Amino acid sequence: QLDELLRDMRQRKLEKIALYTQDGLTYLRLNQIVHLQSDGSYTTFFLHNRERHIVSRPIGEYEDMLAADGFFRIHQSHIVNLHFVKRVLREDGGYVEMETGAKLPIARRRKEEFLRRLEG
């Protein structure tokens, strides 16, 4: 029964995420988040409306949590919301351009899986 419950929880889609920021507790809808960027043990959430929220947690804590909801880790420092990808650029090994204009590097070892996820 526990295995079944865990499987159901993993398949359930998140709608919001709670972030503990310097200002307090902030709730973000996942469909507002364009990408996440790591800076050591800090993670910055970049939103569609150009807001930014910084939390003192490493980006790895969010990778598994967001993977089932259309997010993909393209680089050790970047997780993107696949719904906001505008185009994939070939220059310098590969970049992704987001709808907000952000240009983020794609790690070579993650590029093939990233392109598969975009198509699927």
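What you see is a predicted model, and the numbers here were worked out from it, not measured in a lab.
- Going from atom CD1 of Ile17 over to atom OH of Tyr62 covers 6.0 Å, rounded to the nearest 0.5 Å.
- Not a single salt bridge (Lys or Arg N to Asp or Glu O under 4.0 Å) links Arg108 to another residue, sequence neighbours left out.
- The residue from Arg29, His53, Arg52 that alone fulfils the side-chain contact (heavy atoms from CB on, under 4.5 Å) condition with Leu47 is His53.
- At most 12 heavy atoms of other shown residues, nucleotides or ligands fall within 6.0 angstrom of atom CG in Asp39.
- Leu36 is not connected to Met98 by any chain of hydrophobic side-chain contacts under 4.5 Å among Ile, Leu, Val, Met, Phe, Trp and Tyr, and they are in different clusters.
- In this structure, His83 and Asn31 have side chains that are not in contact, with every pair of non-hydrogen atoms separated by 4.5 Å or more.
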Q) side chain to side chain contact (heavy atoms under 4.5 Å, CB included) between Val55 and Phe45: does it pass, once the steps are laid out? A) CA-CA 8 Å; Val55 295; Phe45 285 73; 3.8 Å; yes
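- Clustering ILVMFWY residues whenever any of their side-chain heavy atoms sit less than 4.5 angstrom apart, transitively, puts Ile79 in a cluster other than the one holding Phe114.
- When all heavy atoms of Val96 and Val85 are compared, the closest pair comes out as CG2-CG1, 3.5 Å.
- Leu30 places a side-chain heavy atom less than 4.5 Å from the side chain of Leu66.
- Of the possible donor and acceptor atoms, none in the side chain of Arg110 sits under 3.5 Å from a partner among the backbone N and O of Glu113.
- Between the NE2 atom in His75 and the CD atom in Gln37 there is a gap of 10.0 Å [rounded to 0.5 Å].
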**Q.** Derivation of the side chain to side chain contact (heavy atoms under 4.5 Å, CB included) call for Val34 and Glu99
**A.** CA-CA 8 Å; Val34 176; Glu99 288 182 10; over 6 Å; no
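- When the side chains of ILVMFWY residues are joined at heavy-atom separations under 4.5 Å, either directly or via intervening members, Val80 and Leu115 end up in a single hydrophobic cluster.
- Atom CG in Asp69 sits 9.5 Å away from atom CD1 in Ile33 (nearest 0.5 Å).
- Closest non-hydrogen pair, Asn49 versus Glu51, comes out as OD1-N, 3.0 Å.
- Its side chain within the 4.5 Å cluster rule, Ile54 clusters with Tyr42 among the Ile, Leu, Val, Met, Phe, Trp and Tyr residues.
- Between Lys103 and Glu91, the closest side-chain pair of non-hydrogen atoms falls below 4.5 Å.
- Considering all non-hydrogen atoms of both residues, Leu25 and Ala18 come closest at CD1-CB, 3.9 Å.
- Taking the six-membered ring wherever Trp is involved, the centroid distance between the rings of His35 and Phe84 does not fall below 6.0 Å.
- Note on Leu104: it clusters hydrophobically with Val88, by side-chain heavy-atom contacts below 4.5 Å among ILVMFWY residues.
- One distance of note links CD of Glu63 with OG of Ser38; it measures 11.0 Å at 0.5 Å rounding.
- Follow the hydrophobic side-chain contacts under 4.5 Å out from Leu82 and you never reach Phe46; the two are in separate clusters.
- The salt bridge (Lys or Arg N to Asp or Glu O under 4.0 Å) check on Arg57 picks up Glu61, with sequence neighbours excluded.
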